[in-house]
Amino acid sequence: VNEVQEMLCRCVERLIRKKVLHTQRLLGRYYRVVIDGTGIVTFHTQHCPQCLKKKMTNGETIYYHPILEAKLVTDNGFAFSLMTEFIENTDLSADKQDCELKAFYRLSRRLKARFPRLPICLLLDGLYAGGPTFKLCEDHDWKYLIVLRDDDLPNVNRSFAAVWPHLPQCHKQLSIGKQGQIFQDYHWAETLTYTDTKDCQHSLKVIDCLESEPNSYGPIKTTHYKWLTNFTLTSYNVDRLANQGGRLRWKIENEGFNVQKNSELNLEHSYSKDPSAHKVFYLLLQLGYLIFQLMEKGSLLQNDFPKGWGAAKYLAFRLLEAWRN
């Protein structure tokens with residue numbers, strides 16, 4: 001498993017060194033890395049001692065193997081697997097099961113050791129909004145954009161609500177979209193202090209965005225976004241950090257997990273019950289998907305098929321028929 005993981009790391013490292021992704025960096029410097037978890041195989045009976053188990057509402061117990069994935073994402077739709085941490089019960093004497101947060105700390109240490117000089121900006125959901133994550137990013141010299149939900153860090157939310165009306169200089173409005181039909185209203189603050197459960201103080205910055213978009217089926221659709229960050233915020237970069245940073249977190253779901261689950265890639269199919277085999281299959285699938293993305297968006301195929309070929313699966317069928325014939 002470790003050898004296949006290293007092969008995948010070398011592929012992404014090669015793309016970075018050859019500057020294939022050079023123009024896809026946030027603010028011209030930071031590679032955007034989304035970390036999120038998903039399930040890969042599920043069983044109705046325990047198939048190995050490392051299985052996580054969960055009792056459903058109907059009383060049934062399922063046994064499953066989730067993963068925590070670090071994907072390098074870009075504006076033009078790439079979602080490359082950078083590193084994978086398998087969530088499993090390795091310590092059978094522990095009182096609690098392994099979980100996504102524990103796996104996050106393990107994955108972060110591995111990521112820093114494997115890519116020590118890579119300028120990274122982590123894009124995370126609200127699960128990771130807390131002191132340990134802030135300290136980890138400070139120690140690793142990483143930037144971050146973390147979703148701040150209304151029920152997360154109530155003291156930070158209250159402080160931001162109290163301070164932003166008194167910061168008229170931290171306000172920006174703009175229109176985006178092909179026809180400028182989407183209106184965005186930004187407020188931000190850089191003077192917020194958060195004390196975690198270990199009495200460690202962290203200096204936080206908050207970006208708040210209220211986005212209004214016309215809806216052909218009814219009234220104007222309004223969406224509220226909020227992020228925690230350690231970037232220095234200015235009127236020049238605040239919208240770029242939001243639109244080209246925080247908003248790209250969804251690419252791990254869309255271009256990443258959903259494509260591999262809801263297509264003939266069959267991410268969730270259990271091809272083997274061997275503990276190592278399903279891990280190797282997952283990593284090889286990430287390698288295959290990396291190559292497929294490069295082919296799909298590459299200039300060679302775009303020259304031969306200027307009008308495109310429809311859905312991505314048709315490209316796979318065309319390649320299969322080309323080899324077959």
Side-chain angles (χ1 to χ4, degrees), residues 1-25 31-34 36-43 47 64-86 114 178 248 250-325:
V1 175
N2 293 336
E3 292 170 346
V4 183
Q5 174 68 91
E6 175 58 23
M7 179 171 61
L8 187 58
C9 289
R10 289 186 182 185
C11 289
V12 181
E13 185 179 50
R14 182 74 169 177
L15 293 173
I16 293 171
R17 288 186 179 276
K18 287 293 182 180
K19 298 187 177 181
V20 175
L21 308 174
H22 196 68
T23 60
Q24 293 295 326
R25 297 175 298 170
Y31 291 94
R32 291 160 285 195
V33 176
V34 186
D36 201 5
T38 191
I40 52 173
V41 290
T42 305
F43 304 95
H47 100 288
Y64 62 105
H65 282 269
I67 55 97
L68 188 68
E69 182 76 12
K71 285 191 185 295
L72 193 156
V73 299
T74 66
D75 283 324
N76 62 350
F78 285 131
F80 298 139
S81 175
L82 194 61
M83 190 168 285
T84 302
E85 181 68 31
F86 294 94
R114 181 60 183 80
K178 293 182 178 179
L248 262 65
W250 288 103
K251 288 191 175 291
I252 195 171
E253 294 287 349
N254 299 333
E255 281 83 352
F257 300 142
N258 289 345
V259 171
Q260 295 181 27
K261 288 182 177 181
N262 304 320
S263 68
E264 296 189 20
L265 293 172
N266 293 329
L267 171 63
E268 295 177 297
H269 185 78
S270 177
Y271 288 99
S272 173
K273 291 187 178 182
D274 182 270
S276 294
H278 80 259
K279 295 178 183 178
V280 169
F281 167 74
Y282 176 82
L283 293 171
L284 289 176
L285 176 58
Q286 303 314 305
L287 178 61
Y289 187 53
L290 180 151
I291 297 171
F292 187 82
Q293 290 179 84
L294 291 173
M295 294 180 66
E296 181 186 11
K297 294 179 174 61
S299 58
L300 293 177
L301 284 173
Q302 289 177 0
N303 293 336
D304 287 337
F305 300 96
K307 296 182 180 180
W309 46 78
K313 68 178 181 180
Y314 296 129
L315 170 59
F317 291 147
R318 285 175 181 260
L319 288 170
L320 177 61
E321 289 305 315
W323 287 328
R324 179 178 291 162
N325 295 292

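None of these values were measured; they are calculated from a predicted model.
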Inset, instruction - Find the distance between OG1 (Thr74) and NZ (Lys297) and round it off to the nearest 0.5 Å. - result: 7.5 Å

Inset, instruction - Kindly indicate whether the side chain of Leu248, heavy atoms from C-beta on, has any atom under 4.5 Å from the side chain of Val34. - result: no

Inset, instruction - Work out which heavy atom in Asp274 is nearest to a heavy atom in Ser272; give both atom names and the distance. - result: N-OG, 3.0 Å

Inset, instruction - Please round to the nearest 0.5 Å and tell me the distance separating atom CZ of Phe80 and atom CD1 of Ile291. - result: 10.5 Å

Legend entry - Nearest-0.5 Å distance that lies between atom CG in Leu283 and atom NE2 in His278: 10.0 Å

Inset, instruction - Mark yes or no for whether Arg32, through its side chain, and Gln24, through its backbone, hold a donor-acceptor pair below 3.5 Å. - result: yes

Inset, instruction - Could you tell me whether Glu321 atom CD has more than 12 heavy atoms of other residues or ligands within 6.0 Å of it? - result: yes

Legend entry - N-O pairing of Glu13 and Arg10 below 4.0 Å: no

Inset, instruction - Say whether Tyr282 and Glu69, considering side chains only, have a donor N or O and an acceptor N or O under 3.5 Å apart. - result: yes

Legend entry - Distance, nearest 0.5 Å, that separates CG of Asp75 from NZ of Lys251: 7.0 Å

Legend entry - Shortest non-hydrogen separation from Cys9 to Met83 and the atoms involved: SG-CE, 3.8 Å

Legend entry - Where Gly37 and Leu68 come nearest, the two heavy atoms and their spacing: N-CD1, 3.6 Å

Legend entry - Rounded distance (nearest 0.5 Å) linking atom NZ of Lys261 with atom NE2 of His269: 15.5 Å

Legend entry - Polar side-chain atom of Arg25 near backbone of His22 as donor-acceptor pair, under 3.5 Å: yes

Inset, instruction - Check Asp36 against Phe257 and note the closest heavy-atom contact, atom names and distance. - result: O-CZ, 3.9 Å

Inset, instruction - Determine whether the side chains of Lys279 and Gln5 contain a donor N or O and an acceptor N or O closer than 3.5 Å. - result: no

Legend entry - Which atom of Tyr64 lies closest to which atom of Thr42, heavy atoms considered: CB-OG1, 4.0 Å

Inset, instruction - Have a look at Phe78 and tell me which of Val73, Leu294, Leu72 forms a side chain to side chain contact (heavy atoms under 4.5 Å, CB included) with it. - result: Leu294

Legend entry - Atom CG of Asn2 with >12 non-hydrogen neighbours under 6.0 angstrom: no

Inset, instruction - Give the intermediate values and the outcome of side-chain contact (heavy atoms from CB on, under 4.5 Å) for residues Val280 and Glu3. - result: CA-CA 9 Å; Val280 169; Glu3 292 170 346; over 6 Å; no

Inset, instruction - To the nearest 0.5 angstrom, please state how far the CG atom of Leu320 sits from the CG atom of Asn325. - result: 9.0 Å

Legend entry - Smallest separation among heavy atoms of Leu285 and Gln260, with atom names: CD2-OE1, 3.8 Å

Legend entry - Side-chain touch Leu82/Tyr31, heavy atoms, less than 4.5 angstrom: no

